[in-house]
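Contents: one structure, followed by commentary.
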Amino acid sequence: MNPGIPPTPQAGKMVTPEKVAARLRGEKRVLAITHEAPDGDALGCISAFLLMADRLGLDSRAYVPGFAAFPDEYLFLPRVDGVLRGAPPEVDQETTVYMLDCASLMRSNGHQLAEGAVRVNIDHHQDNPAYGEFNLLDSAAPSTTAILYAVFRAGGFPMDVDIATALYVGLVTDTGRFQYSNTTAEAHRMAAELQNEGVDVNAVYREVYESTPLAKLMLLERALCHLEIRLGGALVVSWLGPDDFAKTGAHEGQAEGIIDTLRRIQGVRVAALIKERSGPEHADCKVSLRSTDGSVNVALMAGKLGGGGHVRAAGFNCEASVGWLMDWVENEVRASP
Ligand code: AMP
Ligand code: MN
Ligand code: MN
């Protein structure tokens, strides 16, 4: 057991979107937090939440752990440029902390907040242990922005095109452009409603999927060069090291999406991408896992090494070598039913 890991907090109170909306309306100061290495859902939540806080007249801030640059494709979202980084900010007694898309306290530094800080935990990860004092959890929701949207609607809060766009970015990215198995009819209905609020679907597509920096494609090339097919084609594994980032000029956030290319390969059941990180902040590997057909539960796999996620998309961090991790993943997939 890692000595730095605090004991799992007792599960807090479950609340409805109506309750969260009522609380939000009465807030004075709010701090929104999302997970390290944020994705489109994480940053969509932050942007939508801060914009809505403005409209409700609240004093608001946001925080994301770490120092690594955010993925370029989400920088167009309003308010994302002012997010606090590094160590968690001070929280006074009049501030409520809204944890958005954070399956665990550890990945969001939520356990390092001032003693007594009230946390409202809004999330769609199935392994979220309800660590908040208040918890609004829905593992059937396609994105955390979908849950946030339910809160905004429950409160009758005023939408605008920027808020709708931020919510849509979380929805479109977490559903793999409305193609993953979490793409419910409700997800399509939400998209239609947001489009009615003025979301320019094609403009979002161009920002998120058609504005790829060349360095990111060159990083993909290197991941394809390191690719190994194992278990007769059922497993594809690859890795990226500090050298790959240095040679391409890409930063860590630009590795997002590479795993999606790996899992496209015919016959693959599990795809794994290992990012070797070195430096003052991290001297470890970040492993991304994807299951194509859900026959292998990668959340369970990731959980064995302290990570988590969803059945078909999970990850963990580990201080082990790339070679060891590749073999570990292979053994786990081989042992899966
Ligand atoms: P990623 O591979 O980073 O895109 O993450 C895929 C999924 O796994 C997301 O739902 C994450 O929340 C989850 N995940 C990734 N890394 C970790 C980790 N270190 N601990 C817990 N969950 C993780
Ligand atoms: Mn996320
Ligand atoms: Mn999410």
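Read the numbers this way: they start at 1 and go in the same order the structure lists the ligands and their atoms.
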N, O or S atom within Asp174 nearest to the Mn ion (ligand 3), by name: OD2

For atom 18 (C) of ligand 1, closest protein heavy-atom neighbour: Arg107 CD, 3.1 Å

Atom of Asp41 nearest the Mn ion (ligand 3) (restricted to N/O/S, atom name only): OD2

Part of Met106 within contact of ligand 1 (heavy atoms, under 4.0 Å): neither

Among the N, O or S atoms of Asp39, the one nearest the Mn ion (ligand 2): OD2

Contact (N/O only, under 3.5 Å) between Gly306 and ligand 1: no

Verdict with supporting geometry, Thr95 and Asp92, side chain to side chain donor-acceptor pair (under 3.5 Å): CA-CA 6 Å; Thr95 302; Asp92 65 20; 2.6 Å; yes

Contact check: His125 to the Mn ion (ligand 3), N/O/S below 2.8 Å: no

Asp39 touching ligand 1 at heavy-atom level, < 4.0 angstrom: no

Atom 7 (C) of ligand 1: nearest protein contact (heavy atom, Å): Ala313 O, 3.4 Å

Donor-acceptor side-chain pairing of Glu193 and Tyr149 below 3.5 angstrom: yes

Identity and separation of the nearest protein heavy atom to atom 6 (C) of ligand 1: Arg290 NH1, 3.5 Å

Rounded distance (nearest 0.5 Å) linking atom CD of Gln112 with atom CE of Met106: 8.0 Å

Those atoms of ligand 1 less than 4.0 Å from some heavy atom in Ser288: 1 (P), 2 (O), 3 (O)

Ligand 1 contacted by Ala314 (non-hydrogen, < 4.0 Å): yes

Identity and distance of the protein heavy atom lying nearest atom 13 (C) of ligand 1: Gly308 O, 3.4 Å

Pair Arg230 + Asp327, salt bridge at N-O below 4.0 Å: yes

Parallel, tilted or perpendicular: rings of Trp239 and His226 (30°, 60°): parallel

Glu36/Lys286 salt bridge by N-O under 4.0 Å criterion: no

Donor-acceptor pair between Arg312 and Ser181 side chains, under 3.5 angstrom: yes

Atom pair CD1/CD1 of Ile122 and Ile147 - distance to nearest 0.5 Å: 7.5 Å

Spatial distance of atom CZ (Arg79) from atom OG (Ser60) [nearest 0.5 Å]: 4.5 Å

Geometric N/O contact His125 with ligand 1, under 3.5 angstrom: yes

Distance-only N or O hit between ligand 1 and Leu289, under 3.5 Å: no

Minimum-distance N/O/S atom that His124 presents toward the Mn ion (ligand 3): NE2

Phe316 and Trp328 aromatic ring geometry - parallel, tilted or perpendicular at 30°/60° bounds: perpendicular

His35 near ligand 1 by a heavy-atom separation under 4.0 Å: no

Region of Lys286 engaging ligand 1 - heavy atom pairs below 4.0 Å: side chain

Closest Asp101 atom to the Mn ion (ligand 3) [N, O or S only]: OD1

Side chain to side chain donor-acceptor pair (under 3.5 Å) between Asp174 and His124, intermediate numbers included: CA-CA 11 Å; Asp174 258 24; His124 69 137; 3.1 Å; yes

